[in-house]
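Structure, as structure tokens:
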Amino acid sequence: MSWPGIISHYREFLPIADQTPVVTLNEGNTPLIFSCRLSGILGLDVYLKYEGLNPTGSFKDRGMTLAITKAKEAGMQTVMCASTGNTSASAAAYAARCGMECIVIIPEGNIALGKLAQAMIHGAKVIEIKGNFDVALGLVKEITAKYPVALVNSINPFRIEGQKTAAFEVCDSLGNAPEFHAIPVGNAGNITAYWKGYKEYKKTGRSKQTPVMLGFQAAKAAPIVKGKIIKDPQTIATAIKIGNPASWKMAQAARDESGGLIEAVTDQEILAAYKFLAAEGIFAEPASAASVAGLLKLHKNGYFKQQKGRVVCTLTGHGLKDPNIAIQNIGKPATVKAELKSILKTIGY
Ligand SMILES: *Cc1c(COP(=O)(O)O)cnc(C)c1O
């Protein structure tokens with residue numbers, strides 16, 4: 001049987017009625033890839049949950065299928081979000097899928113090229129503001145409170161409900177929850193969703209344990225680590241460039257209830273992890289690499305000594321979203337004359 005998308009597959013865990021009009025692009029069922037290199041370094045079995053293979057290239061699709069479905073069910077005709085890029089790409093695609101209008105507010109000049117292209121091609125009304133994500137979200141909250149427009153940012157509880165299915169898939173693949181789960185933290189909806197999913201699976205007997213949650217923010221956009229709002233967050237990992245996370249308290253609860261941590265990684269560490277993943281054949285966007293950077297950092301500090309078991313690391317979005325970052329950090333291809341001699345010389349023969 002072909003994969004029907006997360007709503008149909010995990011229906012019993014979601015707020016869906018028989019007559020709910022499911023809006024899906026068959027999201028979910030993403031691969032859990034064993035990482036030989038990371039496992040070798042950590043001395044634990046490390047798996048990468050490659051969310052870049054969702055229909056619009058990020059995990060946002062899991063939450064968006066449900067948020068748009070519920071907006072449709074409620075009779076809404078317009079949805080709106082603030083976005084660092086992937087939320088707008090996903091909202092635009094799912095709104096197009098069911099003939100709804102989509103409005104997105106983005107921080108000017110801070111959206112990766114691929115994400116902007118997606119929002120535009122799916123027909124969203126894209127509005128850039130001279131302000132950061134946190135400002136954009138404030139405006140969207142104000143507008144959706146006053147007008148008949150559904151808010152589809154992750155403060156919409158259906159987003160979290162949909163996103164928790166990634167934890168279900170991990171447990172279904174491994175036969176149990178892992179010992180550790182590493183994840184990048186921006187607005188903190190995803191760490192909240194995974195923790196909810198892991199707890200629900202344990203409660204219903206589908207898994208025997210819950211993992212220790214390991215969250216990672218970018219060093220200059222690390223409000224949860226610092227314990228205060230960051231007014232002007234900075235990082236190359238634009239998807240986690242957030243100074244005042246919407247799910248702040250719930251992320252702290254996930255950390256504390258699981259006996260985990262939320263720490264910071266520098267842009268340099270993020271870029272190193274980004275290249276490290278690519279060298280094993282896996283292309284994830286910089287924000288995704290924050291989770292791998294965090295694992296490598298914890299390993300360096302001896303965190304995994306004496307530990308056993310499995311580590312799952314969420315790679316939140318596809319590397320193709322942000323091609324400029326790749327090219328800027330790797331350099332250009334060699335250009336030579338169209339002749340055998342020049343090519344052989346360049347190869348080193
Ligand atoms: C949205 C996003 C994040 C951050 O997730 P939160 O739920 O906001 O913490 C990380 N990486 C990518 C690629 C994203 O699109």
Side-chain angles (χ1 to χ4, degrees), residues 27 30 48-64 67 81-91 93 104 106-107 110-112 114-116 118-119 133-134 136-137 152-157 159-164 166-167 181-197 213-218 221-225 233 235-252 254-255 262 265 270 273-274 277 282-294 313-322 325:
E27 59 296 311
T30 54
L48 305 168
K49 183 65 171 159
Y50 193 24
E51 290 288 278
L53 294 194
N54 275 296
T56 77
S58 85
F59 76 85
K60 298 294 197 298
D61 294 343
R62 293 179 184 277
M64 205 54 75
C81 63
S83 182
T84 60
N86 281 331
T87 299
S88 63
S90 188
V104 307
I106 57 175
N110 271 303
I111 301 294
K115 304 175 188 182
L116 182 60
Q118 288 177 291
F133 171 85
D134 302 296
L137 183 58
V152 293
N153 278 103
S154 62
I155 41 176
N156 177 331
R159 285 275 311 276
I160 306 288
E161 287 299 305
Q163 284 171 211
K164 76 185 178 188
H181 190 112
I183 185 167
V185 175
N187 227 358
N190 213 23
I191 189 171
T192 301
Y194 269 91
W195 183 236
K196 189 167 194 289
M213 298 299 294
L214 308 172
F216 299 99
Q217 301 195 291
I224 300 176
V225 179
T235 171
I236 51 146
T238 50
I240 54 171
K241 189 173 170 180
I242 285 167
N244 187 11
S247 301
W248 191 322
K249 290 228 170 70
M250 281 176 312
Q252 279 177 329
R255 176 193 69 193
I262 297 178
V265 287
I270 289 172
Y274 173 69
L277 281 168
I282 296 156
F283 195 21
E285 67 173 281
S288 307
S291 55
V292 173
C313 185
T314 301
L315 301 182
T316 45
H318 203 291
L320 287 172
K321 293 269 192 179
D322 199 348
I325 288 272

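Indexing begins at 1, ligand by ligand and atom by atom, following the structure's order.
Of all heavy-atom pairs spanning P286 and I270, the tightest one is O-CG2, 3.2 Å. In plain terms, the two heavy atoms of S90 and D61 that are nearest each other are OG-OD1, 2.6 Å.
Ligand 1 is surrounded by F59, K60, N86, V185, G186, N187, A188, G189, N190, A239, I240, E285, A287, T316, G317, each with at least one heavy atom closer than 4.0 Å.
The shortest side-chain heavy-atom distance between T56 and M64 does not fall under the 4.5 Å cut-off. No side-chain heavy atom of K115 sits under 4.5 Å from any side-chain heavy atom of K60.
A side chain to side chain donor-acceptor pair (under 3.5 Å) with R62 holds for exactly one of E51, E27, Q163; it is E51.
Residues that satisfy the side chain to side chain contact (heavy atoms under 4.5 Å, CB included) test with A82, not counting sequence neighbours, are F133, A136, L137, V140, N153.
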